[in-house]
Amino acid sequence: MDVEDELPTAPAPADGGESSHALVSGDQLDVEAYAAQYSGRTRVGRLLFIAEKCGSEQMRLDALRLAYDWALKGEDTALHRDVSAKIAGRLGPRYTADQPWSDAVERRALLRKDKLDSELNVYRTNLIKESIRMGYNDLGDFHYAQGHLSDAFKSYIRTRDYCTTSKHVVQMCLNVILVSIELGQFMHVSNYVIKAEQTPDDLDRITAAKLRAAAGLAYMETNKYKLAARKFIETGSELRSNYSEVIAPHDVAVYGALCALASFDRSELKSKVIDNYNFCNFLELVPEVRELVNDFYASRYGSCLGYLEKLKSNLLLDMHLHGHIETLYKDIRHKAIIQYTFPFISVDLNLMAVAFQTSVSLLEKELAALITDNKIQARIDSHNKILYASHADQRNGTFQRALQTGNEFERDVKSMLLRANLLKHEFSQKAAERKV
Amino acid sequence: MESVEALVAHIQGLSGSPDELAQLHGLLKQADGDALRVHSAGLLPFLSHLHPGAHSLGYLYLLDSFVSSSANLRAHAGGDLLVTVADFLTSCSADQIRMAPDKFLNVCRVLKNEVMQLNAPIRGIAPLRAAVRKIQTSSEQLTPLHAEYLMLCLLAKQYKAGLSVLEDDIFEVDQPKDLFLYCYYGAMIYIGLKKFRKALELLHNAVTAPMSSLNAITVEAYKKYVLVSLIQSGQVPSFPKYTSSTAQRNLKNHTQIYVDLSTCYGTGSYSDLETFIQSNAEAFQTDNNFGLVKQVLSSMYKRNIQRLTQTYLTLSLEDIASSVQLNTPKEAEMHVLRMIEDGEIHATINQKDGMVSFNEDPEQYKSSEMVEHIDSSIQRLMALSKKLTSIDQNISCDHAFLMKVQSGRERARFDYDDFDSVPHKYF
């Protein structure tokens with residue numbers, strides 16, 4: 001990505017296993033290692049998110065310090081001011097708003113903008129397609145670095161008319177996707193992923209992986225967890241740190257695994273996640289998540305839910321996952337309960353409560369809710385604390401339904417005939433009004 | 001101008017064959033107006049010369065012109081007149097009175113007003129029921145008397161008496177206002193008898209009847225429709241697509257508080273519903289719906305208990321009380337007991353350890369009664385579907401319908417849906 005060239009590249013976060021182990025685990029998040037996984041604006045975005053959501057003061061300040069350092073290296077003066085305001089002098093005199101720096105950057109930016117604009121105008125009068133495209137692209141990169149996201153978005157979109165090869169189209173799509181993700185407009189993300197995938201030439205594997213990951217992210221943000229899981233699982237292991245401006249490989253593992261647990265059934269989980277060699281590469285990055293997927297499949301729900309609970313506090317600090325954690329966790333828990341009860345005719349609630357590490361009365365409430373939603377076909381013997389699977393009597397049910405349908409039909413036809421007759425005699429309300 | 005005596009003689013002479021009656025009808029029409037009206041005050045004694053059954057037509061004319069004058073009514077208020085009219089209505093000949101339906105309706109209305117004034121609506125029930133039967137050409141016809149009759153039944157609290165009329169299916173309607181009133185009063189009678197399903201059918205008809213502008217009866221009917229739906233099924237169905245657009249657009253605006261009530265009911269919280277009802281009690285009282293609203297409130301318990309039966313095999317009374325927000329296990333026991341008695345749930349209470357065990361519906365659909373019941377349903381539906389077929393045939397031969405189809409084909413491909421959304425007389 002061109003955008004990144006202007007920025008000092010982040011230290012390679014690719015050394016996988018070791019560092020990310022510390023990242024997604026029950027331990028407190030190591031903010032510095034976490035930030036190292038990302039590059040570009042997403043890094044500072046994630047840091048600010050942590051600073052906003054995190055409970056511990058130390059971590060908050062750590063995140064803000066890193067964000068401050070990064071902002072100084074970039075060109076986004078608004079961001080710099082924002083971060084400085086958030087620090088509010090808590091980190092000493094070194095971390096305050098740097099007015100001379102801002103002025104200098106803004107002056108330079110103004111010059112550069114004029115230059116880019118005039119260049120673009122020249123290209124446009126000369127009608128050289130490729131140059132116009134480059135011009136818009138440069139303008140887009142410039143706005144992006146400045147943090148003017150919607151301007152950047154517009155510029156990138158304009159390059160669309162001047163794309164001549166599918167490579168250009170893909171590049172345009174990736175730019176738009178990048179900006180849209182930061183803008184939070186995931187509809188655009190899905191659209192441009194599709195657009196990029198439709199280009200006639202084969203995509204190289206890294207780009208394909210990027211697109212998958214972006215599509216997964218978009219689906220997840222729009223609550224389509226099943227589709228999201230599919231996309232994440234299909235993401236090629238070539239992704240590595242190549243898409244660090246959006247997503248790190250261990251994110252793919254976590255997002256994918258959680259979405260899959262919440263939405264796949266058992267056989268899908270086995271064939272698409274556990275036996276999936278490609279996705280296993282991702283899962284290896286985050287052993288906890290790998291373990292919890294395996295635990296879930298092996299019906300060790302207690303330890304699975306235990307892992308989930310341990311991970312929760314750190315996952316809540318994830319920019320993209322934050323809003324979905326509760327729903328995903330709830331779905332996973334319900335799935336687990338349903339799977340647990342499925343093979344049995346009767347289940348002892350005491351044993352089940354132990355397996356799910358909860359109390360019998362709470363479990364009873366959860367089960368009751370699931371039964372009411374018709375997700376479990378069973379009934380609870382609250383006296384003896386036993387859950388009995390109930391199978392509806394098909395014959396009786398059919399009789400009941402047939403009689404009911406008959407009654408409804410009779411009622412509907414009668415009232416229909418009545419209405420028909422009313423209409424036939426043209427008795428509209430007007431006639432009535434005269435009388436009333 | 002003939003004297004009244006001559007007229008009476010004519011009536012006595014000409015009440016035999018249909019030809020004679022037609023002739024008599026002509027004479028009576030001539031005499032009606034000035035002649036009879038002038039003498040109206042002195043008509044009553046002549047009635048005794050006539051037999052209400054044999055000389056119904058003449059009797060009707062004389063009676064009508066007598067009761068048309070309010071002075072006469074005041075002079076003879078109460079007592080005899082009422083008896084005379086009631087006798088006439090029960091014993092008159094259906095064939096003869098149908099020749100002058102307007103007069104007959106008028107006489108019936110006078111009777112109704114009289115009993116209302118006497119504050120004894122019960123006295124009007126029997127004569128009016130007879131009158132309804134006499135003037136009806138078929139049991140499917142709705143007459144203006146239906147609504148009046150039902151209103152008397154309501155006022156006299158003789159709900160069962162109303163059923164005899166309500167049980168006939170109505171298909172033919174003369175005046176839409178009659179239909180709305182019939183549906184509204186009928187539904188109230190069913191509500192009084194707690195037959196909510198039937199009440200819903202009638203209210204549904206009132207709400208979904210074709211109309212081009214809203215009327216007060218429909219608004220009131222919709223209020224009751226919302227309440228009864230909540231009692232019966234716990235939710236208010238949305239308007240079916242054949243509902244007139246007027247009703248769909250405007251009804252909710254006029255019944256906002258009822259719509260809010262149903263939303264509140266949907267949350268399933270008893271205390272919320274209670275507060276809502278209390279804070280709006282006045283509005284419900286002005287609508288005379290407060291009794292129904294209270295029933296809505298108590299139906300919440302029932303619904304919640306019924307939900308428990310689907311979830312639990314056994315549950316302690318204490319848990320029932322806490323999950324349906326009742327105060328004490330004792331209250332829960334009362335509710336459960338009442339529901340078992342009403343056949344709404346199948347359960348047994350074990351008082352020793354305070355447990356309730358919920359059972360499956362014991363109906364196995366094997367008994368001969370059940371088979372009979374099913375058979376009767378099938379018969380009914382077969383009759384209904386025969387009727388449908390014949391109507392369908394009639395429509396497909398209908399000139400206007402064919403014209404419409406023809407023009408439809410020329411314009412574009414004919415679409416049956418057109419006829420649903422744009423109902424016209426071609427139905």
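Quick caveat: nothing in here was measured; it's all calculated off a predicted structure. Order of the sequence lines fixes the chain letters, A, B, ..., with proteins taken first and strands second; residue numbering starts at 1 for each chain. Just the heavy atoms: all of them, side chains too, but no hydrogens, waters or symmetry mates, feed the values below.
Counting heavy-atom neighbours within 6.0 Å of A:Lys385 NZ, excluding the residue itself, gives a total above 12. When the shell of 6.0 Å around CE of A:Met187 is examined, it contains 12 or fewer heavy atoms from other residues, nucleotides or ligands. By the 6.0 Å contact criterion, CD on A:Gln394 is open, its count of non-hydrogen atoms from other residues, nucleotides or ligands being 12 or less. Residue-environment remark: CD (B:Glu318) stays at or below the threshold of 12 foreign heavy atoms within 6.0 Å.
For A:Lys365, there are no salt bridge (Lys or Arg N to Asp or Glu O under 4.0 Å) partners at least two apart in sequence or on another chain. By the salt bridge (Lys or Arg N to Asp or Glu O under 4.0 Å) test, A:Glu326 pairs with A:Lys312, sequence neighbours left out.
Atom OG of residue B:Ser244 and atom CZ of residue A:Arg419 lie 10.5 Å apart, to the nearest 0.5 angstrom. Taking CZ from A:Arg411 and NE2 from B:His204, the interatomic distance works out to 6.5 Å, rounded to the nearest 0.5 Å. Distance check: B:Leu313 CG to A:Asn384 CG gives 9.5 Å after rounding to the nearest 0.5 Å. The CE atom of A:Met416 sits 9.5 Å away from atom CZ of B:Phe171, with the distance rounded to the nearest 0.5 Å. With rounding to the nearest 0.5 angstrom, the OG atom of A:Ser415 is 4.5 Å from the OH atom of B:Tyr242. A distance of 8.5 Å separates CD in B:Glu140 from CG in A:Asn421, rounded to the nearest 0.5 Å.
Of the two parts of B:Gln364, the backbone and the side chain both hold a non-hydrogen atom closer than 4.5 Å to a non-hydrogen atom of chain A. Interface residue B:Thr208: backbone and side-chain heavy atoms are both found under 4.5 Å from chain A. Interface remark: B:Ile391 contributes side-chain atoms only to the contact with chain A (heavy atom separation under 4.5 Å). With a 4.5 Å cut-off on non-hydrogen atoms, B:Leu315 touches chain A through its backbone and its side chain both. B:Leu179 touches chain A through its side chain: at least one heavy atom from C-beta onward sits under 4.5 Å away, while N, CA, C and O do not.
For residues 369-383 of chain A, a heavy-atom distance under 4.5 Å to chain B picks out A:Ile371, A:Thr372, A:Ala378, A:Arg379, A:Ile380, A:Asp381, A:Ser382, A:His383, given by residue number. Of residues 395-409 of chain A, those residues lying under 4.5 Å from chain B by any heavy-atom pair are A:Arg395, A:Asn396, A:Phe399, A:Gln400, A:Leu403, A:Gly406, A:Asn407, A:Phe409.
The greatest number of non-hydrogen atom pairs below 4.5 Å with chain A, out of B:Leu381, B:Leu308, B:Asp319, is found for B:Leu381.
Residues A:Leu417 and B:Lys387 meet the side-chain proximity criterion, which asks for heavy atoms closer than 4.5 Å.
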